[in-house]
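Owing to the predicted nature of the structure, the values given are computational and were not obtained by experimental measurement. We're numbering straight along the sequence, starting at 1.
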Amino acid sequence: MREQPQQQPPPVQRLRVRYAKRGRLRFTSHRDFSRAFERAVFRARVPMAYSSGFNPHPRISYAGAAPTGSASEAEYLEIALARVCDAAEVHAQLDEALPPGLDVLEVVPSAGGALAERLEASVWEIRLAGVASAAAEEAVRRFLATEEVLVERMTKKGLRTFDSRGAVLRLAVTDGEAGPGSSGSSEPCAILHMVLRHDTPAVRPDDILAGLREIAGLDIAAAPVQQRTAQGPIDPDAGTVGDPLAPDRDAVAHP
């Protein structure tokens, strides 16, 4: 019989990490990032706790990763450690070990509970170069006035149809600047500001753009630039998104 592997001791500390995907690194897939992060904890000599079994791996839990191609200022993960470490030191070590564009913004000790359960919604900013704000506003008005907006997306299980409207908590338009066009004058640039609830199936910014095309024929010629600015718990009264690390930060301040 194959000898059973030695059981690993349980973690003694858990740290929660907020990081950003910026610039060209927004095209990093979740799988590529997880590999880069595992290399970073090894280079930084972070004392990781490991799973048991025949193929032990560092205990890293990812939550609410943004779609490939989207920039983000609010990505989260949790690491389990074999000994207690200073969060500020781990922050500096990880940020130095990761490439520019994958930037560690905050590291706090976990106060317990499931981090993923706090990530109820995301705030997105979508820049639409070449789209006039008036056209975008009309499309948004028609989208919000419709109870259900069905869109299609290819998934691992094939083509799936689902409602993109139900996940939208807020959707508004402002006027931006796309830069000079071929004629030398500035091109229009509508900026969509949206808050999307994390439903099942997950509704992404691309799905909202597909819904705007479906409902109002909004013409989006250039590739949109998507950035997640926040994700966290929903404030049902204000309709805003809170800070998922606030309970952990409060626990450190008031042990």
Side-chain angles (χ1 to χ4, degrees), residues 19-30 32-33 64-75 100-103 121-155 159-199 201-231 239-241:
Y19 66 95
K21 290 172 62 178
R22 296 166 170 162
R24 295 180 64 184
L25 271 297
R26 71 184 186 274
F27 296 107
T28 304
S29 69
H30 177 63
D32 289 338
F33 172 78
T68 302
S70 300
S72 177
E73 294 293 311
E75 300 297 286
L102 297 177
D103 303 317
S122 288
V123 182
W124 289 92
E125 180 182 286
I126 317 298
R127 299 182 66 87
L128 305 177
V131 176
S133 58
E137 287 171 356
E138 174 60 18
V140 165
R141 185 192 65 76
R142 294 174 62 178
F143 181 92
L144 294 177
T146 306
E147 289 189 8
E148 182 181 67
V149 181
L150 297 180
V151 297
E152 293 183 336
R153 189 206 306 156
M154 184 60 68
T155 69
L159 191 63
R160 185 167 187 176
T161 301
F162 57 94
D163 175 31
S164 63
R165 173 65 182 89
V168 177
L169 299 177
R170 189 169 74 244
L171 181 58
V173 180
T174 59
D175 197 12
E177 186 67 48
S182 57
S183 63
S185 59
S186 294
E187 290 185 340
C189 179
I191 303 177
L192 300 181
H193 303 271
M194 63 182 74
V195 179
L196 301 182
R197 185 189 298 111
H198 294 173
D199 285 346
V203 174
R204 307 184 308 201
D206 282 348
D207 301 319
I208 305 305
L209 297 181
L212 293 173
R213 284 192 295 266
E214 178 68 24
I215 287 296
L218 185 65
D219 183 19
I220 305 172
V225 178
Q226 306 176 4
Q227 181 179 42
R228 174 153 61 189
T229 59
Q231 67 170 322
T240 57
V241 175

Problem set entry | V173 side chain near I191 side chain, heavy-atom distance below 4.5 Å | no
On a heavy-atom basis, which atom in [X] and which in [Y] lie closest, and how many Å separate them?
X	Y	result
F27	G69	CD2-CA, 3.8 Å
A74	Q231	O-NE2, 2.9 Å
A66	W124	CB-CH2, 4.2 Å
L169	A121	CD1-CB, 4.3 Å
A222	A129	CB-O, 3.9 Å
V131	A136	CG1-CB, 4.2 Å

For this session: For H198, check ring-ring contact (aromatic ring centres under 6.0 Å, His included) against everything at least two apart and list the hits.
Result: none
Problem set entry | Test ring-ring contact (aromatic ring centres under 6.0 Å, His included) applied to F33 - qualifying residues, sequence neighbours left out | Y19, F37
Listed by chain and number, what are the side chain to side chain contact (heavy atoms under 4.5 Å, CB included) partners of [X], not counting sequence neighbours?
X	answer
D175	S133
E147	none
L25	T28, L102

Output a table of donor-acceptor pairs, distance under 3.5 Å, between side-chain atoms of residues 211-218 and any protein atom two or more places apart or on a different chain; print 'none' if there are none.
none

For this session: Let me see the working for F143 and V168 under side chain to side chain contact (heavy atoms under 4.5 Å, CB included), right down to the final yes or no.
Result: CA-CA 10 Å; F143 181 92; V168 177; 3.8 Å; yes
Problem set entry | T155 and R160: side chain donor to acceptor below 3.5 Å | no
Checking [X] now: which residues fulfil salt bridge (Lys or Arg N to Asp or Glu O under 4.0 Å) with it, not counting sequence neighbours?
X	answer
E152	none
D219	none
R153	D207
R197	D199

Seminar exercise, completed: Sorted by chain and number, sequence neighbours left out, side-chain hydrogen bond (donor to acceptor under 3.5 Å, both in side chains) with E73 holds for R22
Problem set entry | Non-neighbouring partners of T68 that pass side-chain hydrogen bond (donor to acceptor under 3.5 Å, both in side chains), sequence neighbours left out | none
Problem set entry | Side-chain donor or acceptor of D163 paired with backbone N/O of L150 under 3.5 Å | no
Exercise. Within the distance-only criterion (no hydrogens, no angle test), does the side chain of S72 pair as donor or acceptor with the backbone N or O of K21 below 3.5 angstrom?
Worked result: no
Problem set entry | Intermediate values then yes/no, side chain to side chain contact (heavy atoms under 4.5 Å, CB included), I126 and M194 | CA-CA 8 Å; I126 317 298; M194 63 182 74; 3.8 Å; yes
Problem set entry | Check against side chain to side chain contact (heavy atoms under 4.5 Å, CB included), R127 and C189 | CA-CA 7 Å; R127 299 182 66 87; C189 179; 3.9 Å; yes
For this session: Quickly, which of S70, P67, S122 forms a side-chain contact (heavy atoms from CB on, under 4.5 Å) with R204? Name it, please.
Result: P67
Seminar exercise, completed: Between the CD atom in Q226 and the CD1 atom in I208, the distance rounded to the nearest 0.5 Å is 10.5 Å
For this session: Begin with the C-alpha distance, continue with both residues' side-chain angles, and end with the deciding distance and a verdict on side chain to side chain contact (heavy atoms under 4.5 Å, CB included) for R165 and L144.
Result: CA-CA 7 Å; R165 173 65 182 89; L144 294 177; 3.9 Å; yes
